[in-house]
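When a ligand or atom number is given, it counts from 1 through the structure's own listing order.
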Amino acid sequence: MPSQERDAFLDRPWKDSTAEPFIRIEGVTKRFGTFTAVEAVSLDIYKGELFSLLGGSGCGKTTLLRMLAGFEEPTAGHIYIDGVDMIDVPAYARPVNMMFQSYALFPHMSVEDNVAYGLKRDGVSKAEISQRVADMLSMVELLELQKRKPHQLSGGQRQRVALARALVKRPKLLLLDEPLAALDKRLREQTQFELMNIQDQLGVTFIVVTHDQEEAMTLSTRIAVMDHGQIIQVGEPSEVYERPQTKDIANFIGTINMFDGEVMSSNDSFLLRCPKISKPLKLPSQAELNIGQQVTLAIRPEKIKMTLEDPHDSLQITLRGEVLEFAYMGNISIYRVKIEGEVVLQITIPNLDRMAERKIEWDDQVFISWHPENSLVLRD
Ligand code: ATP
């Protein structure tokens, strides 16, 4: 392999077919009685990844995490960590630590004792414990609060104690179940970046369970989207967002406008005949299509332009519409625009210019346009 290509793979081993995964999940199924919580999941995760399992409630994320930790046994399939089959390895003997949703700190112990607990139990020497606890508390910026008890801390600080306690044992793999769920939005965003920094410094592999797609997008090297116990797409955040494989994934990850219709052709391009819109819509050129096929054209709200004047750009799709409502969100404004045939689209416009002369408002007649290559063709 040319060295340039190898370098490009250094940070993205999943692109390198010769790279050895750190965790290999092979055909893993988990049944509780007749109910299948996880079904035939296969997944490779590489050293140093911050990998997210994303999906709605009950889709099997936590069950998969618990099987990695050794708290549940797979009904079928194998889990390998660092090349070793975990089938007969009990939870305590795995190179894994799990941080639970509730953090489960000991309420009567100080911050430093909470962090030191696991090391004491393992019989590590006093001098080493105090060094490792101090290093870890300094990393999560809690050194000054080490004598406090959990009830004297904020939610974010408690979360960092739990993280320090999980990391002080130097696991090769840290499993985090909804680690930021108890935090408010601002603290959650701040903690997301702290998590990424800590992960970067220590090189530990993180697997995070979350139902929050924004969190998964911000944190992850890659995301596995789960539904009904199965993995329906795995990819880097930008891949999952820009190239979702199904309508469900596109809807679950962010907002998307969709047009259902039938493929027709004109000259050398494919168009979508949409029963609700009089004008056929140009489809992206790279999509593999057949005439007469039923497909969905999807376009993200931020990829649509909205103007008061006709852009007169033959390369773009242009439709006329009327603004039904809009919401000012600070950095962006979100518009709902009715185009012909009662179809309503959502459009996001960045608020770049404080001095813009004429803002688009309620009841304005507008032109909306997008480049066909910015749209996607989705199937069910
Ligand atoms: P959430 O985001 O709500 O925590 P999840 O994706 O983590 O959901 P799991 O906790 O993995 O979901 O549960 C998956 C399914 O398996 C659910 O329908 C749940 O009710 C079921 N389940 C989990 N544990 C057991 C159990 N011990 N016995 C029976 N069913 C279970």
(message) For the residue pair S220 / S52, report whether a side-chain donor-acceptor contact shorter than 3.5 Å exists.
(response) yes

(message) Is a donor from one side chain sitting under 3.5 angstrom from an acceptor on the other, for E26 and S42?
(response) no

(request) Specify the closest pair of heavy atoms between L53 and M226, including all atoms of both residues, with the distance to one decimal. (result) CD2-SD, 4.4 Å

(request) Verify whether one side chain among T75 and K30 offers a donor that lies under 3.5 Å from an acceptor in the other. (result) no

(request) Between G56, C59, G58, flag the one that comes closest to atom 17 (C) of ligand 1 by a heavy atom. (result) G58

(message) T63 versus ligand 1: do any nitrogen or oxygen atoms come within less than 3.5 Å of each other?
(response) yes

(request) Please confirm whether T62 comes within less than 3.5 Å of ligand 1 when only nitrogen or oxygen atoms on both sides are compared. (result) yes

(request) Kindly confirm or rule out a cation-pi arrangement of R165 over F106, judged by NZ or CZ under 6.0 Å from the six-membered ring centre and within 45° of its axis? (result) yes

(message) Below 4.0 Å, non-hydrogen atoms only: which portion of K61 touches ligand 1? Side chain, backbone, both or neither.
(response) both

(message) Taking distance alone, with N or O pairs closer than 3.5 Å, would you say V209 contacts ligand 1?
(response) no

